[in-house]
2 protein chains.
Amino acid sequence: MGPAILVQTPRGTRDFGPQEMHRRRIVEAQLRQVFASFGFKEIQTPTFEELELFTAKSGAGIIDELYAFKDKGGRDLALRPEITAAVMRFYFTSLKMEPKPLKLYYFSNCFRYDRPQAGRYREFWQMGCELIGDPSPVGQAELIALAVQLVDAAGLKNYILRLGHLDVLRAVLDASGLSKEGRKELMRLIDKRDVKGFTAALPDAADRDRLVRLFETQDLEGLRELADGAGCDEAVESVAVLLGRLERLGVDPKRVRLDPSIARGLDYYSGVVFELDAPKLGAEKQLLGGGAYDLSDVFGEPSVASLGFALGFDRLLVALEAEGAALAEAPGPDVHVAALTEASMDAALEAAARLRRAGARVELESTARAPKKALQRASQVAAAQSLLIGDRERESGQFTLKDLSTGQQRSLTLEQLEDQWRPRVAAGSQARPPTG
Amino acid sequence: MGPAILVQTPRGTRDFGPQEMHRRRIVEAQLRQVFASFGFKEIQTPTFEELELFTAKSGAGIIDELYAFKDKGGRDLALRPEITAAVMRFYFTSLKMEPKPLKLYYFSNCFRYDRPQAGRYREFWQMGCELIGDPSPVGQAELIALAVQLVDAAGLKNYILRLGHLDVLRAVLDASGLSKEGRKELMRLIDKRDVKGFTAALPDAADRDRLVRLFETQDLEGLRELADGAGCDEAVESVAVLLGRLERLGVDPKRVRLDPSIARGLDYYSGVVFELDAPKLGAEKQLLGGGAYDLSDVFGEPSVASLGFALGFDRLLVALEAEGAALAEAPGPDVHVAALTEASMDAALEAAARLRRAGARVELESTARAPKKALQRASQVAAAQSLLIGDRERESGQFTLKDLSTGQQRSLTLEQLEDQWRPRVAAGSQARPPTG
């Protein structure tokens, strides 16, 4: 054994303790429930992929943000920075014969070599989905309603869904009379939300006055004005229909704001795009982003309409915490079992085993304890009830179950003790998959 | 966009489709339930760590099996090959002031650059636990009973727990009169279960006859004979006590076999060691391995008794499949909702949204369909019930819910429809964390 080491978690990564994991699993379960209620099914892809998958989707520029490495066979691999590319690889290699629409969701860790800051980590978790093979406006509305219902189900109070349409954005830019190169540069500045750089890039005052409205437009009336004469009336009207559908799907219209400046960066996005913010989080306020896209070119496959989004799970938790949401405490054991004498230890083991098999969460004291000390331990672990087993209990087969919040005591046989938990199991408390 | 690519999953990694993920999540939930019933709480550590953490624990030899890489800051990192080192790092950096015993479990993916074969992947999942700060024999018995109950809960029929004690193994080797170097080489051969190499390394026939019994001994009587005169009577008797406790804890004695040849490879293991096999799996039959250890030296910290094991989750699934276990099918939606006319689409959206919020899993048809086609789609997605919404339904507010297995139809208002699911939620079916 070498000299002692003191190792920390790598920069930008985290350990999660029991309390934090409990909270994360609670929110995860709430989100899974929503995905299931919309008919989405979970899939999982590898943690690393061939580097080419990510560069083909996002361009060589992404390499700077990747954890890329060669394996011992010389293959170029990278830890996934996002999941959509992998889902579409999975789709094109294995799922394309499945009946459409395919509704797939994932909950996976992703990795970016990024400067760590509040709500931004080098290893972070994304929950997201892809709706594949459903180009219908109703499918769009459903997916966006699903996004909103996710943050709703997690209990977030302050959020805004921003909704844009790339046909409108492109048409407005095209109508500006700028060169193709100039428009491309503008798209880049818009995507970075660099309003200052954007206005500086527009030498013509009339262009500036018109195009800056991309950032100011928030409602349908404004969108119609902005798009007037740009030749994208159909897109504008599809946004109007979408707004109505979202309301039917239970999305509060006060939560929805139009934002024609959403660019989503990459060329294969088209049509509807959306982002969801938690305004309280400041610079890192964006919790979710998505839109319609078609990655079939990347894989040399026939076109398939796809629509997806990814929710930053860590950031959602930061947003919930910033709102002071009442986060669930990890529950203590149902019963704390302690032997009062060495001779009673076997009886304590048996009681613990039977209660566990009946469905109870049991903390067993691993050495014999005096009653006072045993009760102290039961409180320390926040047990709901305490079961002390001494020679009398062992011999009589009558056990005393003490409720630690009321102090109430009941004398029960082992069978009666088991029955305390069995009915709970029957009512639906037994092992249950996180998916619905 | 570059030329089209055809990317596969990297060698030794897998995509999991909806059906397989559903099965994995079911088994995962069963196992989590068992950990919770024993009072274990979940933690999570980063996917990669500083390389030094793994070499300090397992020696430089492990580098050959690691996905090791430098980050852009020049730090040596590695994808975790196992979780125990990380848990102990977490313990020593952040958890050592917590009340003892600490009962921690994890469900995490690990990575080994290994030749892929049946049940052996380069990315694989481990579910395991560490019991920290409880050196008691009862704690040992509990941990081993927990290991057995995990595979039991998953429904595995054929398995054997093998139980050894390193004090016995070391004493028997010490008594052989071999040199220290010779004994070290023997330990290595034992750990590889290389019985042939092992007997070849023993020139003395008397040594051979005695030491080969390490591999043959299966019960307490045999263990006593093997250890006779080797000066490890205390360890042998602790095994006898442990066997009794396991039985009290509900472990079927027919499942337990002694195996003094279990070596667990590494120096910081001591005392009780155990492995659990699914004999049907042949060469890759070991599902689980664990024992008592003390990693404090690695971190230059005061000694802390620890006991843990890791279960190969993928291999458990292979074992279940090899037994032809009835694996759960992913359920279809509770209700398939379809609009029969474009004009009824808004009503269909509203019905779907309200049913979902009441707790139902709803598949909404995203375009208007004729009744026959809608019912076909409902069967195709394996929905339990179908809700067709036409102009009559929209106008009257009376909806017809059809049970697709019985053909029975009921006419209900939207409120009555919601009530079909609300009671189920009240009985315990709502979002629930995977941990108990």
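Numbers restart at 1 for each chain; the letters A, B, ... are given by sequence-line order, proteins then strands.
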CZ/A/R14 to CD/B/Q44 distance, rounded to the nearest 0.5 angstrom?
9.0 Å
Could you tell me which portion of A/D346 (side chain, backbone, both or neither) has an atom closer than 4.5 angstrom to a non-hydrogen atom of chain B?
both
Assert top hit (heavy-atom pairs under 4.5 Å, partner chain B, pool A/Q380, A/Q149, A/R24) equals A/Q149
Any non-hydrogen side-chain atom of B/L349 less than 4.5 Å from a side-chain atom of A/E247?
no
Which portion of A/F90 sits near chain B, non-hydrogen atoms under 4.5 angstrom:
both
Between A/E142 and B/R356, is there a salt bridge with N-O shorter than 4.0 Å?
yes
From CD (A/E49) to CG (B/D15), nearest 0.5 Å
7.0 Å
A/V138 versus B/L364: any side-chain heavy-atom pair under 4.5 Å?
yes
Residue selection (most heavy-atom pairs with chain A, distance under 4.5 Å) from B/V27, B/L104, B/T55, B/D64:
B/D64
Distance from A/M21 atom CE to B/I43 atom CD1, nearest 0.5 Å?
9.0 Å
Distance, nearest 0.5 Å, that separates NZ of A/K100 from OG of B/S366
13.5 Å
Within the structure provided, determine whether A/L79 and B/F48 are in side-chain contact (heavy-atom separation under 4.5 Å).
yes
Exam field: side chain B/E123 to backbone A/T47, donor-acceptor pair closer than 3.5 Å
yes
Quick check on A/R377 against chain B: is it the side chain, the backbone, both or neither that has a heavy atom closer than 4.5 Å?
side chain
Under 4.5 Å, counting heavy-atom pairs only, tell me which of B/R75, B/E363, B/R89 racks up the most with chain A.
B/R89
If you define the side chain from C-beta out and look only at heavy atoms, does anything of A/R361 sit under 4.5 Å from B/F35?
no
Spacing of B/R11 atom CZ and A/D71 atom CG [to the nearest 0.5 Å]:
10.0 Å
Side chain, backbone, both or neither of A/L66 within contact of chain B (heavy atoms, under 4.5 Å):
backbone
Below 4.5 Å from any heavy atom of chain B, which atoms of A/L53 appear? Answer side chain, backbone, both or neither.
both
From B/K72 NZ over to A/E65 CD, what is the distance, rounded to the nearest 0.5 angstrom?
9.0 Å
Which one wins on heavy-atom pair count under 4.5 Å against chain A: B/F38, B/Y67, B/F40, B/F69?
B/F38
Could you tell me whether the side chain of A/K41 and the main chain of B/A330 form a donor-acceptor pair under 3.5 Å?
no
